[in-house]
Structures are given as structure tokens and as C-alpha cells.
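Residue indices begin at 1 and follow the sequence shown. Whatever order the structure lists ligands and atoms in, that order sets their numbers, starting from 1.
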Amino acid sequence: MSGKRSHGHTDDDLEALRRRAEELRREIAEHDRHYYLEDAPVISDAEYDRLLDELIAIETAHPELITPDSPTQRVGPPELVTEFRPVEHALPMLSLSKVTSESEFHDWIGRIRRQLGLPADAPLPCHFCCEPKFDGLSVELVYENGEFTLGSTRGNGLVGEDVTLNLRTIRSIPRRLERRGGHEPPRLLEVRGEVYMPIAAFRKLNRELEKAGERVFANPRNAAAGSLRQKDPRVTARRPLAFYAWGIGRWPDNPHPTHSATMRALARFGFPVYEDSCVSKDPKRVAAYHARLLERRASMPFEMDGTVAKVDEYAIQRELGQVARSPRWAIAWKFPPIQRETRLLDIGISVGRTGALTPFAILEPVEIAGAIVRRASLHNFDEIERKDIRIGDWVWVERAGDVIPYVVGPIVERRTGKERRFVPPTHCPVCGAPVDRAPGEATAYCTGASCPAQRVQRLVYFASRTGMDIEGLGEKLATQLVERGLVEDVGDLYFLRKEQLLELERMGEKSADNLLGAIERSKRQPLSRVLTALGIRHVGPTVARLLVRHFPSIDALAAASEEQLAAIPQIGPVVAHSVRTFFSSERNREVIEKLRRAGVQLEEATTHEGPRPFEGKTVVVTGRLERWTRSEIKEFLERLGAHVASSVSKRTDFVLAGEDPGSKLDRARELGRPVLDEQAFVAELRKLGIDPDPGVEPTGQA
Ligand code: IVH
């Protein structure tokens, strides 16, 4: 709205725009944090794009309002993802399966019994150790010969980020292990636990931030995350962070046979360990512990979001093992989510990549557990009817942890009689094709074979971070590509030409080059990413990796029979059928052929070589670099597939410019070739999962 006014404004108008731009930048930065750091976006990509577009509109009309830290000024993802050195965990940091009710908890006990081969009434051979599920940030602390030497965040569980310096500022994390009883400290000990901000400290910090005119944190968890990821450890040092240990990584020759004994040992070494844990053989005692924690939730000095119950004996833990990324021997029994009431203003409908129509609630904005909620899922049309949700109703909305909020139900007492019943559409709101709903099926589908909404969503999914990770290809752009007939299926992406892109709205030289670069780079994504990106039903990243391990090329996978697929441990008949169905479609095979022609990697790389993301690229280096000598950078780039040229020409793909760059930089500008400074180049490498540090072989992403 404000962006449209470009002339005739007063100083007041300009001031209002400046404030709005500031507000937008803060909001965007916060969503970046949710998205990149917490992996828990609270708004859809479309909503994010709207914020960004509004900011771009203001800055385009008033370039004097652009600030160097504006998200519009950056090339890659926000710097916050690339600030810290990646650290691989020696043992993966797993996640916990969840239960939300007592009966689900008993089901878990039942699964343990079965796994251990025990009849339903036999006494359990193990104890359960119960403790709170701390709502903070998981970290791993490495101690060598008693010294704290390395601290990292959990990250994706396999690779986290080096935050050692910041962790050193947390007083409850010991710098050296205490020696009790004169024993030598272990040669190696990896302690895992949660960094959190006590609630009182969080409130005080927010009051201070507010007084200083700075942005406050939405909740203690965000505050802890934001404080731990400060570039400057002195800032972290001033933040009231604390730590609770909840487990270990490696501890060779750990003399303790149980989790609880190990935790007591950690306490003796000087780590804060939650004292009021409970160890019992009796599942009923676990349930009672959970009830007691829930009761005390509001009066606890820190936030927790459930109870964790773990099999105490390591020997039995080992026997139980793990499924996917969670151990079978532990469970998070979550507390019920926090609910709020608000008005349901309207019901919208989105069309997904499979054509599924999903109704969503448009709400009067309401704050729930730290986030402003404007939309909430309504799942499907039956649900609206079953819950008797009407437009105009007051409704209960809940947000469980980082899950998308949803409408629990109407508050019938607050009805005025003006509420309207919702009528499910008989035709797709986007393409107008009839809606199909199989009897007994909850989901209604758009039957339009060429429904643009489906195409758009398939593209967006293909390009998403879990898929081919094509930066810049969001819903906005995908919509334009589909509407203009430039892209029918994901294969067409690889044949886009720059001239075509330049005709799109808001597409300048630079963004077109960036996009083409991102599309080009995506060709080197591992096969499991390609499989995920294709959006085969039931095939997410985990299943895709499993499939690739057994069928290391797309041709091998396409040729596999349902029986062969189902023979893979952890792959059932449903997934097998779905994969088979996908590959038997002529249309899908055409798409795969297009990908092949484009040079997308359709086999698992088997060479010892690292990835060659710059294959076929011509790069020119100029000026002094911090990390590399001239010969090192040349070798490094060549190892990544680049041709390193000595002068800039129209064929130069990018120029890497260090300090005092000289005439090559001028030449690059003249010819409009992209220029990266060292920082941007390093950020790019990190994005590709490549360690930029000299002396280190470029290695691929996990
Ligand atoms: S034990 C599965 N105990 O919650 C690996 N985890 O949602 C063993 N967490 O990854 C985890 N409090 O980051 C454990 N008392 C506690 C915890 C806890 C918080 C975190 C941890 C874990 C995540 C799972």
C-alpha cells in the first residue's frame, strides 16, 4: 500500500515509511531466524514473500531509505547461517519420538516389550529414568583430558555449528572438569544438554531490550537461540544463559552401566543436572511423574515442554536400538499445547502439489506461545463440518511447539447468529476443474490435469531446501513461470534462458543470474535430493536416502519391482507401491529424461572426489584473499571443477575479488559479470556444504 505513493509526500509520510521499513526488516529477520535457525517457520513462504515485497516496494520508491543491513541487500541466505564453522558430531544427535497421551505412552511400553520379546504381562527388565524435556537449544560439549575444547549446536543432528567461544561464556558450563576423589578426568567426554534462558532472566532481558528501544524476544527459547548465536561472544556473555546436561555422546570406557549413574557422574564433574528426576520400573510411576511436572509447569524457573522417559540401562538401550533418527529406548511425552481464542474471519482454500484442497482459517491475529498467528489449518472439509466451524465464529486456536497452528473448535456460547456455514467448493478455486472426492476419503482433489496451482506447488517443492535447494525459486516466481507457460514440469527449469527470465516481473540481470546459477548448481545435488524433490508420495528425505542406498541410480530404482523395493528393511508395501506407480507413469519418465538431458545427477557419486559444483564455470580471481594464496585458491577452485582464467571476458561466470582488486574488477563491472567478495564466496561454499578452510579437502554435504 505505502509503496505505491511515490510523489507528493510530506516529511511525515517519509518518516512513516522509514518506520514501516524498519519494522519489516525486523519482522523478516525474525522469520529468517525461525526458518534458518530453528527450522520452524511460523508463516508460509507466500506470507514471507509479501513482507519482502512490501519492503522492496518502499526501498525502490525511496532508495534513501535502504540500509546496508536490509535483507534486500544480501545475495545469499542471511549471514546468520554461515557465521559459524560446521562441526560434525562423532555420534549423531538423535531426536525423540513423541507421545501426547497416557495411552500412547503405554503403547510405547508395549513396543519395548515386543522388541525385547516379552509377553504382555511379564515384568519389565529395565528401569525408566524420567526428567523434564527442557525447551532450549541442544548442544554438545567436548572435553579432552578434562578441558572444554569444542562446543557445537545440534544442527541437523549430524552436523552442527561451532559455538565454543559463546558456550565458554555460560557460567554453568564447566571450563575444566572437577576432580572428585582424585581420579584422572576421562581422556574424552562428550556431554550433551540444553542451553536455556531461565524465565525470570528472560523477562528481565526483555524489559532491558525494550527500554533500550531494541526488539524483544518472543519466548525464552528464541532468546536462548539468539543469544548463543551472537557473532560477538561478549554479547552472549551478558545474556543470562544456563545449561542442563541430559546425556552424553562419546565417553570411552564409561564405567557407569546406566543413564542415571552417568548423570550423577556428570554432576560430580561439575555439570548442572536436573535433580528431581525419577528412576522406576513401573510405567505408572512415570505417568505420575509426568502429571506432577505438568502441574508444576507454570511455577518452574525454566520452560519445559514435556517429560522425557529413557530406558536407564545402557545394555537394554543397545538392544532396543533406533528407528530412523530416534532411539526406541526414549520417548518425549509432550505437554498439551497452549490454546487461545480469536475470531475466524474467513475460510480460504489452498491447492497443493498433489491437487489436494486444504481449507485454512483466516484469523484475527492472536499471539500464541510467542508467535503471532494469522492463519491456521483446518485440515479438510469434513473437519469443518464435524467441528461445526462457521465463518464469524469465535474459535479456539492452538499451537503445539513448532507445529503449524490449527483451529480446535468453535466457542458455541459466543455465537450471535450472524455466523455463516461454509460450503465446500465443487470446482477448483484456481483452475475451475471439478473437485473429486472418493467415497470415504477425507481429502478432496482438484481434477485439473494441468491445474496451474498444482504445477506451481510442485515447482516450489522441487526447489525447496529439502529438495534441490534452488534459492530464489519461491511461490511468486513459480507462479509467473507457470502462468507464462515457461515451465510445465520441473524438467523445464533446466532449459530456462536468461532472456525469458528477464521478462518476468521484478527480475533484473542480477536476480536472473543468481537464479540460473542456483538452478545450475542444483544439478549436482545428490540423487536422494532429486528423489525427494520429485515429490513421490511417501518419499521424504529419509526414505529417499534409504532407497538410494539400495538402488544407487535412478534407472536401477525405476527398474525395481515392488517386491524388490519392499524387501528393503524399513520400506513397506505402501512406499514400494507408490515408488512403482511413480515410475510406471509415462509422464514421469519424460520428466526424468528431461532431467537427464539437462545433466542433473541421477546416480550416486561413487568417486573419491568431492563435489564439483563449479564444473564448466570460468572464474577469475583478483586482489588479495585472506584465506588463500593465489596458487591455493586456483587449486581449490579447480578441484571444485572451475576453470580459472587470467582475464575477465563475457564468458567469465564470476569474479572473486579480494583486497585491492585492480583493473580486473573494473572490467568485470563493465561487462556486467557477477563479482563475489571473499565473504560472499565463503558463504556460497558453505551453502554448498563445502569447507572453505585451506588445507582441507573440499568435502560434500552429509
Ligand atoms: S534425551 C534422542 N533428554 O529434545 C536423544 N533430550 O526432541 C536423547 N531435549 O534432541 C535425547 N530435554 O535436544 C533428552 N531431558 C532431555 C531433553 C532432551 C530436551 C531435547 C534434545 C532432543 C530433543 C528431542
Side-chain angles (χ1 to χ4, degrees), residues 37-40 89-100 104 108 112 127-141 151-161 163 167 172 190-198 219-221 224-225 228 241-251 254 258-260 262-264 266-267 271-279 286 289-290 292-294 296-297 300-314 316-318 320-335 337 400-403 542:
L37 299 184
E38 289 145 28
D39 261 354
H89 303 295
L91 301 175
M93 291 182 79
L94 302 176
S95 43
L96 289 168
S97 331
K98 296 174 186 61
V99 297
T100 52
E104 282 176 15
W108 174 65
I112 288 190
H127 291 80
F128 298 101
C129 181
C130 310
E131 58 202 31
K133 181 164 172 352
F134 309 104
D135 197 6
L137 231 85
S138 308
V139 295
E140 178 168 74
L141 315 171
S152 55
T153 59
R154 175 179 186 273
N156 63 7
L158 301 173
V159 180
E161 290 171 311
V163 286
L167 288 168
S172 51
E190 292 172 349
V191 175
R192 293 174 173 187
E194 212 77 359
V195 168
Y196 69 96
M197 191 176 287
N219 53 45
R221 185 177 188 276
L228 192 59
L241 295 175
F243 175 78
Y244 264 126
W246 50 243
I248 54 168
R250 288 178 300 174
W251 180 357
N254 173 7
T258 62
H259 169 72
S260 55
T262 300
M263 296 309 283
R264 283 195 297 276
L266 294 188
F271 293 96
V273 167
Y274 187 70
E275 284 180 354
D276 195 15
S277 59
C278 138
V279 180
V286 178
Y289 183 87
H290 175 75
R292 191 159 59 97
L293 268 192
L294 179 55
R296 297 201 304 190
R297 182 185 198 183
M300 289 288 235
F302 56 87
E303 291 215 321
M304 46 179 193
D305 55 348
T307 307
V308 181
K310 304 170 192 172
V311 167
D312 203 29
E313 292 80 3
Y314 287 140
I316 302 183
Q317 286 188 3
R318 276 193 294 274
L320 289 167
Q322 68 184 67
V323 249
R325 302 233 63 85
S326 321
R328 286 203 189 84
W329 47 262
I331 198 89
W333 184 350
K334 302 276 287 204
F335 292 146
D402 32 22
V403 182
T542 313

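The shortest distance between side-chain heavy atoms of Val308 and Trp246 does not fall below 4.5 Å. Residues Met263 and Ser277 form no side-chain contact, since every pair of their non-hydrogen atoms from C-beta on lies 4.5 Å or further apart.
Atom 5 (C) of ligand 1 has its closest protein heavy atom at Leu94 O, 3.9 Å. Considering only non-hydrogen protein atoms, atom 3 (N) of ligand 1 sits nearest to Lys310 NZ, 3.1 Å. For atom 17 (C) of ligand 1, the closest non-hydrogen atom of the protein is Trp246 CD1, 3.5 Å. If you check which protein heavy atom lies closest to atom 20 (C) of ligand 1, you get Glu194 OE1, 3.7 Å. Given atom 12 (N) of ligand 1, the protein heavy atom at minimum distance is Phe134 N, 3.0 Å.
A salt bridge links Arg292 with Asp276; the closest basic N to acidic carboxylate O contact falls under 4.0 Å.
In summary, the atoms of ligand 1 found under 4.0 Å from a heavy atom of Pro327, numbered by their order in the structure, are 2 (C). Ligand-side atoms of ligand 1 in range of Glu131: 3 (N), 15 (N), 16 (C), range being under 4.0 angstrom from any heavy atom. Shown in contact with Val308 at under 4.0 Å from a heavy atom are these atoms of ligand 1, numbered in order with element: 3 (N), 15 (N), 16 (C), 17 (C). Close approach to Ser95 involves these atoms of ligand 1, each under 4.0 Å from a residue heavy atom: 2 (C). Interface atoms of ligand 1 facing Ser138, defined by a heavy-atom separation under 4.0 Å, are 13 (O), 20 (C), 21 (C).
Contact detail for Leu266 and Val273: the closest heavy-atom pair is CB-CG2, 4.2 Å. Of all the heavy atoms in Trp329 and Gly321, the pair that sits closest is CD1-O, 3.7 Å. Listed here is the closest heavy atom pair of Asn254 and Tyr314: ND2-CE1, 3.6 Å.
Panel note: side chain Glu313, backbone His127; a donor-acceptor pair is recorded below 3.5 Å.
Each of Arg192, Arg154, Arg250 was scored for a side-chain hydrogen bond (donor to acceptor under 3.5 Å, both in side chains) with Glu140, with one residue passing: Arg192.
The aromatic ring centroids of Phe302 and Tyr244 lie less than 6.0 Å from each other.
For a threshold of 3.5 Å applied to N or O pairs, the pair formed by Pro132 and ligand 1 contains at least one separation below that value. Remark: ligand 1 and Trp329 share no N or O pair separated by less than 3.5 Å (distance only, no angle test). Remark: ligand 1 and Lys133 share an N or O pair separated by less than 3.5 Å (distance only, no angle test).
In this structure, Tyr274 and Phe134 have perpendicular ring planes: the angle between them is above 60°, well past the 30° mark.
Heavy atoms of Lys98 stay at 4.0 angstrom or farther from ligand 1.
Proximity of Met93 to ligand 1, defined as any heavy-atom pair under 4.0 Å, is not found for any part of the residue. Both the backbone and the side chain of Leu96 come within contact range of ligand 1, each with a heavy atom under 4.0 Å.
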